[in-house]
Amino acid sequence: MFKDVETRTFYSKRRADRLRKQLANLDSDAFAEHRRDERLCKACFYLGRGAVAGQAFTEYTCSSCGQRTMWRNTNTPELCRKCADHDGLCIRCAGEREWDSEETKEPCSSSSS
């Protein structure tokens, strides 16, 4: 048996507690104003934290308009701020920034049968 089972258990429980807190914040949208300022949907803001990013300004291409833009680190977004604002989309995942409901629906298929 491991010598440090108590320590490992402590950190495991702490990870679970952090996840519960993140989910509670997502459900209540506890930091809605800051989330909107950052142009993020609830999932990217509350659950997407902790991504590995290098501390170097990085150029990226907006997947909507094709504009090349500088970003503050290597974890670049999907959209530029202008496109995210114009279409009300999340700058990170390009999904809707504000969800009409919490219900998850399958996307419509764009191909014809």
Side-chain angles (χ1 to χ4, degrees):
M1 186 167 200
F2 287 111
K3 294 184 266 182
D4 57 349
V5 171
E6 288 179 10
T7 302
R8 292 171 186 256
T9 302
F10 168 81
Y11 286 110
S12 179
K13 286 181 176 182
R14 192 165 87 172
R15 277 194 326 269
D17 289 341
R18 284 183 181 156
L19 182 57
R20 283 186 196 97
K21 184 173 177 126
Q22 286 176 296
L23 290 171
N25 285 337
L26 182 144
D27 287 341
S28 68
D29 204 3
F31 303 99
E33 187 175 339
H34 182 60
R35 175 182 64 77
R36 289 183 185 108
D37 288 344
E38 293 291 319
R39 295 168 175 85
L40 295 170
C41 69
K42 289 180 184 181
C44 288
F45 185 80
Y46 294 106
L47 304 178
R49 300 291 182 178
V52 176
Q55 295 302 308
F57 285 98
T58 307
E59 190 173 47
Y60 74 99
T61 302
C62 174
S63 65
S64 180
C65 71
Q67 178 179 324
R68 297 194 53 79
T69 306
M70 292 301 287
W71 192 248
R72 60 184 171 238
N73 57 42
T74 60
N75 187 18
T76 58
E78 186 73 22
L79 300 173
C80 67
R81 292 177 186 272
K82 185 176 178 182
C83 288
D85 288 343
H86 180 268
D87 298 323
L89 300 178
C90 175
I91 199 169
R92 174 84 38 224
C93 72
E96 291 179 4
R97 195 180 311 159
E98 300 300 330
W99 301 336
D100 292 335
S101 72
E102 298 302 315
E103 182 181 346
T104 305
K105 298 177 184 174
E106 290 291 324
C108 297
S109 175
S110 59
S111 61
S112 57
S113 303

Completion exercise
Heavy atoms of Leu47 and Gln22 approach each other most closely as CD2-CB, 4.0 Å
Handout entry: Enclosure of Glu6 CD (heavy-atom neighbours >12, cutoff 6.0 Å)
Key = no
Problem - Greater than 12 external heavy atoms within 6.0 Å of Phe31's CZ - result: no
Exercise for the section: May I ask you to decide whether Arg20 forms a salt bridge with Asp17, counting only side-chain N to carboxylate O separations under 4.0 Å? Expected result: yes
Problem - Distance, nearest 0.5 Å, that separates CD of Glu96 from CG of Asp87 - result: 10.5 Å
Problem - ILVMFWY cluster, Leu19 and Phe10 together (side-chain gap under 4.5 Å) - result: no
Handout entry: Carboxylate-amine/guanidinium proximity below 4.0 Å for Arg92 and Glu38
Key = no
Exercise for the section: Check whether any side-chain heavy atom of Leu89 lies under 4.5 Å from a side-chain heavy atom of Arg97, and answer yes or no. Expected result: no
Problem - For the student: nearest non-hydrogen atoms of Ala94 and Glu78, plus distance - result: CB-CG, 3.8 Å
Practice task
Indicate the atoms forming the closest heavy-atom contact of Trp71 with Thr76, along with that distance.
Solution key: CD1-CA, 3.8 Å
Problem - Arg8 backbone acceptor or donor facing Ser12 side chain under 3.5 Å - result: no
Practice task
Classify the side-chain pair Asp29/Tyr46 by whether it contains a donor and acceptor separated by less than 3.5 Å.
Solution key: yes
Fill in the blank from the handout: Correct closest heavy-atom pair for Ile91 and Pro77 would be O-CB, 3.1 Å
Fill in the blank from the handout: Correct closest heavy-atom pair for Cys80 and Cys62 would be N-SG, 3.3 Å
Problem - Beyond-backbone contact of Thr58 with Asn73, side-chain heavy atoms, under 4.5 angstrom - result: no
Fill in the blank from the handout: Scanning both residues in full, the closest heavy-atom pair of Arg81 with Asp37 reads NH1-O, 4.5 Å
Problem - Any side-chain heavy-atom pair of Leu40 and His34 under 4.5 Å - result: no
